[in-house]
There are 2 protein chains.
Amino acid sequence: MARPSLSRDAIVDAAVALADDGGMGAVTMRAVAGKLGVEAMSLYHHVGDKRGLLEAAAERVWAQVDTTSRDSPMDASDWADDVRHIASCAYETLLAHAWALDVASSAGGEPRMRVIEAILDALTRAGLSSDDVYEGYHLIDAVILGYVAQQASYRGETGSGAGASAGAGAIPAGLDRVLEHAAAHQLERGPQSGFRIGLDLVLDSLARRVPAA
Amino acid sequence: MARPSLSRDAIVDAAVALADDGGMGAVTMRAVAGKLGVEAMSLYHHVGDKRGLLEAAAERVWAQVDTTSRDSPMDASDWADDVRHIASCAYETLLAHAWALDVASSAGGEPRMRVIEAILDALTRAGLSSDDVYEGYHLIDAVILGYVAQQASYRGETGSGAGASAGAGAIPAGLDRVLEHAAAHQLERGPQSGFRIGLDLVLDSLARRVPAA
DNA sequence: ACCTGAACACCGTTCAAGT
DNA sequence: ACCTGAACACCGTTCAAGT
C-alpha cells in the first residue's frame, strides 16, 4: 500500500513538504507528482490548478494555528493573554512556513478566518468599542504579518550568503545608526523576543482604551 | 533615438513598469526585452540574472521613499512627525508597488538602508534608550510591512473576484465577528486610515517611554 | 473513474556566432 | 563591446488514449 490511490490530501501534504524545504519555487507539479510516485498530469484529477494547490497548502498552514481560548471562554480579564496566545502561535507557525505568506492575495481560507474570529472575539470581550475592535484587529494582524516578514527576510539574509557578518552587502558609509543596529542584532535573544515586545506594547495601548468598568 | 543602445537603467525601468501592471509574474526576460525592442539574451550583458534584475527593481521602489526630515535636522520634539512622514511615504510607495515586498529576502539595498537610518535617527533624537530604539524600529518596520501586506491582499480580493461582496469565498456560519468585521469594511474610509491609526498608537506608546527631560 | 504519454506554448539561461 | 539565433532543460496545462 505504498500509494493509497492518490488523494487530494496527500497531494497538499506533498506540496507543503516541498515548500518547507526549498521554498515556493520548489513546488512544481512535476516535483509534487514525483514525491508521490506518480506522473504530473495525475494531479489535475484532484486539484484543478497549481494556484489552487498552493492555496490549499497555505490553508493547511493556517489550520495549524491554535485558536482555542486557554481558560473559561467568557472570562474578559484574560483577553490580552488570549490574543498573546493566538498571535504567538500564528507567528511561530507562519515563520516555520514563511512561503505561505507569498501565496496568492487572499489565501488562508476558512482556517485563517477562524484565527481572525478568535482575535476579534478576544478584543470584543475586552470591552473595546467596535471601532477599537476594528482598528485593533488590523493592527495586531499587521504586527503578526510584519514581524514574520521581517524575521523571515533576516533569516534568509544570514542563512545563505558567504560572509554572515555584513548582511545584504556591506553597509555604506554614513549610515551610522544602521551600523549600530546591525551590531545589536548580533546579541543573543530569545525566540520571539522582538515580536513579543512589539505585541505587548500594542496590547498595552489597547488595554488603555478599554472603558473603565 | 528610439533605443539609446540599451542601458541597465532602462532595463530596470521596464521591469518596474511590467511589475506595476501585471505583478511580478509579468516580469519575464522575454517581456522586458520586448518592451525595449530587443531580444531577451541582450539583457544578460547588463543584469547578469533575473534575480538581480528583480532586486534592482525593488531597490528602485525603495529609493522613492522620501527620507528627508521636514524641519531643522536637530529638532528632537518632532521626532514622531518625522517617523510619521517617513513611514507614511514608505507605506504609500510600497502599496503602489506591492510586488516589491515579494522580491527576494533581503531586497531593498542601500535605498532601503537609508529609510532604516532615517527612522533610527528619529527614534534616537527622541531620547529613547538604545534598547527602545532597537525594538521600536522593529515594531515600526513591522507595522509598515504588515499594513502593506494586509491592504494589498484586501485589494486583490475585491479587485478580481466575480462578486465583490463576499471576499475570499463566503464566510462560514458561526464566524459572527468576522461577518461583522467584513461589513465594517464596507464603510467609507480615507486613504491610509487604518495604517495611520495603528502607527499613531505605536508612536504614542513609544512617546510614553521617552525619559522625562 | 482514474492514470498517462505525447505535445504545446511557454520559461531562464548558455554558447557559438555574428557585427 | 554589444547583440542575436538556435538550443537546452525546464515549466504549467491540454488532450486523446489507455485501463
Side-chain angles (χ1 to χ4, degrees), chain A residues 1-60 99-100 102-107 156 160, chain B residues 1-60 99-100 102-107 156 160:
Chain A
M1 49 134 69
R3 222 170 311 132
S5 102
L6 193 59
S7 69
R8 184 185 156 88
D9 268 8
I11 292 173
V12 176
D13 277 342
V16 169
L18 280 169
D20 281 345
D21 50 55
M24 225 175 59
V27 181
T28 265
M29 297 305 271
R30 284 168 169 91
V32 173
K35 210 174 170 68
L36 297 168
V38 97
E39 299 302 315
M41 316 78 192
S42 309
L43 306 180
Y44 287 91
H45 288 274
H46 303 90
V47 295
D49 219 349
K50 188 192 182 182
R51 197 174 122 81
L53 173 54
L54 286 174
E55 279 170 7
E59 200 168 313
R60 184 146 307 180
W99 52 267
D102 302 327
V103 175
S105 311
S106 57
S160 61
Chain B
M1 44 132 72
R3 223 168 312 134
S5 102
L6 193 59
S7 71
R8 185 185 155 88
D9 268 8
I11 292 172
V12 177
D13 276 343
V16 169
L18 280 169
D20 281 345
D21 51 54
M24 224 176 60
V27 181
T28 265
M29 296 305 271
R30 284 169 169 90
V32 173
K35 211 174 169 67
L36 297 168
V38 97
E39 300 302 315
M41 317 77 194
S42 308
L43 306 180
Y44 287 90
H45 288 274
H46 302 89
V47 294
D49 218 347
K50 188 193 180 180
R51 198 174 120 82
L53 173 54
L54 285 173
E55 279 169 8
E59 201 168 311
R60 183 145 310 181
W99 53 268
D102 302 327
V103 174
S105 310
S106 57
S160 62

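Labels below follow one simple rule: chain letters A, B, ... track the order of the sequence lines, proteins then strands, and each chain is numbered from 1.
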For atom NE2 of A:H46 and atom C1' of C:dC2, their distance in whole Å: 7 Å
For A:H46, side chain to side chain contact (heavy atoms under 4.5 Å, CB included) partners two or more places apart: A:L6, A:R8, A:I11
d(CD, A:E39; P, D:dT19) in whole Å: 15 Å
Length of the CG-C1' vector between B:L36 and D:dC2, whole Å: 15 Å
Helical stems, DNA chain C - three or more consecutive Watson-Crick or G-U wobble pairs below 3.5 Å: C:4-8 with D:12-16, C:12-16 with D:4-8
A:A26: side chain to side chain contact (heavy atoms under 4.5 Å, CB included) partners, not counting sequence neighbours: none
hbond_proxy B:H45 side chain to D:dC3 base (donor-acceptor, 3.5 Å cutoff): yes
For the student: nearest non-hydrogen atoms of B:W99 and B:M24, plus distance: O-SD, 4.0 Å
Exam field: side chain A:S7 to backbone A:A10, donor-acceptor pair closer than 3.5 Å: yes
Contact under 4.0 Å: B:S42 side-chain N or O vs D:dT4 OP1/OP2: yes
Protein proximity profile, nucleotides 9-15 of chain C - base contact B, sugar-phosphate-only contact S, no contact -, cut-off 4.0 Å on heavy atoms: --BBBB-
B:A17: partners by side chain to side chain contact (heavy atoms under 4.5 Å, CB included), with sequence neighbours left out: B:K35
Point-to-point distance, once rounded to the nearest 0.5 Å, from CG of B:L18 to OG1 of B:T28: 8.5 Å
CG on A:D49 to CG on A:L43, rounded to 0.5 Å: 11.5 Å
Residue pairs, two or more places apart or on separate chains, that pass salt bridge (Lys or Arg N to Asp or Glu O under 4.0 Å) and touch residues 10-20 of chain B: B:D13-B:R60
